[in-house]
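A short write-up of the structure that comes next.
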Amino acid sequence: MNTTPTTPSLHIATWNVNSLNVRLPQVLQWLAENPVDVLCLQELKLVDEKFPHAELAAIGYAAQAFGQKTYNGVAILSRLPLHDTMRNIPGFADEQARVISATVDARTQGEIRIINGYFVNGQEPGSDKFQYKMQWLEHLHALVHEQLRLHPRLVLLGDFNITPDDRDTWDPVGLKDTIHHTVEERAAFQSLQALGLHDAFRLFPQAEKSFSWWDYRMLGFQKNRGLRIDHILVSNALQASVTQCSIDRAPRKYPKPSDHAPVIVTLG
DNA sequence: ATGCCTTGCTTAGCAAGA
């Protein structure tokens, strides 16, 4: 008889909900059907006073939130204990709520440091917003570098607003050098990987034209004109334990959907 | 295509997203 206790697998997901106020029923429904251990959200578009802690607690999730009025906002929802929450990037003054980090106590699986980011969009290469994007990416790189030193078991995930390469866009020719496709953004993505992080989605064979975001306009989803810009990067120490990574397109078919779909990674 | 949706803010069109 095998008496060795089986280590339960751990599921961590990311989802840009484009307003938690509008999408809360969908988040609750999705969690009921996909009871992941940790769900990281972006684009809450609400202040912390309006964060729906009670509704999430009712289905077993505690949350650490970092919101602001109208724009941005990030949160970590977890069924496992969270501690050592950090907001934004220390040393980088930023009016915008874009990063929340916390340590998840995964019990038999040990502790995992989570960095959840809503990366800057950048609007257009050469614009002020693009400059802000590149500066923000530089400071995020420094933060991840430091956090990896303190926490070798680390996951960096969220809405990166970067297509890592031409496989990650529906139109690599027509969209060449446009926002999310520039050499500079892709170099920043690669320099994050160079810290010892791995794109979990690419650790496995995947269907061609796999995307995580589709424009609301022009029947983007129906025509699968999308981008893969939502990512889960795992550190060297975690890479061997990753057994699956997938994009769940189902919520993009809900009535009044977010324009992003959740991405889920399985560890162990 | 300076367009197409969606959301928030405020209540009539903007700003911003990607």
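Remember, predicted model here, so these are calculated numbers, not experimental data. Proteins get letters first, then strands, A, B, ... in listed order; numbering begins at 1 in each. We use all heavy atoms of the structure for the numbers below, so side chains are in, but hydrogens, waters and symmetry mates are not.
DNA chain B is contacted by A:Lys256, A:His260 of residues 252-261 of chain A, taking any non-hydrogen atom closer than 4.0 Å.
Ranked by how close their nearest DNA chain B nucleotide is to the 5' end, A:Lys45 and A:Asn16 are led by A:Lys45. In this structure, A:Ile179 and A:Leu44 both approach DNA chain B, and ranking their closest nucleotides by distance from the 5' end singles out A:Leu44.
For DNA chain B, the span of nucleotides reached by chain A at under 4.0 Å from its heavy atoms goes, 5' to 3', from B:dC4 to B:dA18.
A distance of about 22 Å separates the P atoms of B:dT6 and B:dT10, rounded to the whole Å. Between the C1' atoms of B:dT11 and B:dT7, the separation comes to 15 Å (whole Å). Straight-line distance between the C1' atoms of B:dT2 and B:dA16: roughly 15 Å, to the nearest whole Å. B:dA15 and B:dA1: their P atoms are spaced 23 Å apart (whole Å).
Taking the ring centroids of A:Trp136 and A:Phe119, they lie under the 6.0 Å cut-off. For A:His180 and A:Phe160, the distance between ring centers is not under 6.0 angstrom.
Contacts of A:Asn72 with the nucleic acid, taken as non-hydrogen atoms under 4.0 Å apart, are absent. No engagement by A:Phe221 is indicated, since no non-hydrogen atom pair under 4.0 Å with the nucleic acid exists. Counting non-hydrogen atoms under 4.0 angstrom, A:Arg23 reaches the backbone sugars and phosphates but no base. Within 4.0 Å of A:Asp230, counting heavy atoms only, lies no atom of the nucleic acid at all. Within the 4.0 angstrom heavy-atom criterion, base atoms lie near A:Asn121.
In this structure, OG1 in A:Thr182 is found 3.5 Å from CD in A:Glu185, a value given to the nearest 0.5 Å.
Taking 90° from 0 as the syn/anti boundary, the base of B:dT11 is oriented syn.
In this model, no donor atom of one side chain and acceptor atom of the other lie less than 3.5 Å apart for A:Trp213 and A:Asp159.
For A:Asp48, the side-chain contact (heavy atoms from CB on, under 4.5 Å) criterion is met by A:Ala65, not counting sequence neighbours.
By the 30° and 60° cut-offs, the orientation of the rings of A:His139 relative to A:Phe92 is parallel. Ring orientation note: the planes of A:Phe211 and A:Trp214 are nearly perpendicular, at an angle over 60° on the 30°/60° scale.
A salt bridge links A:Arg228 and A:Asp199; the closest N-O separation between the charged side-chain nitrogens and carboxylate oxygens is under 4.0 Å. Under 4.0 Å is where a charged nitrogen must lie from a carboxylate oxygen, and between A:Asp166 and A:Arg186 at least one such pair does.
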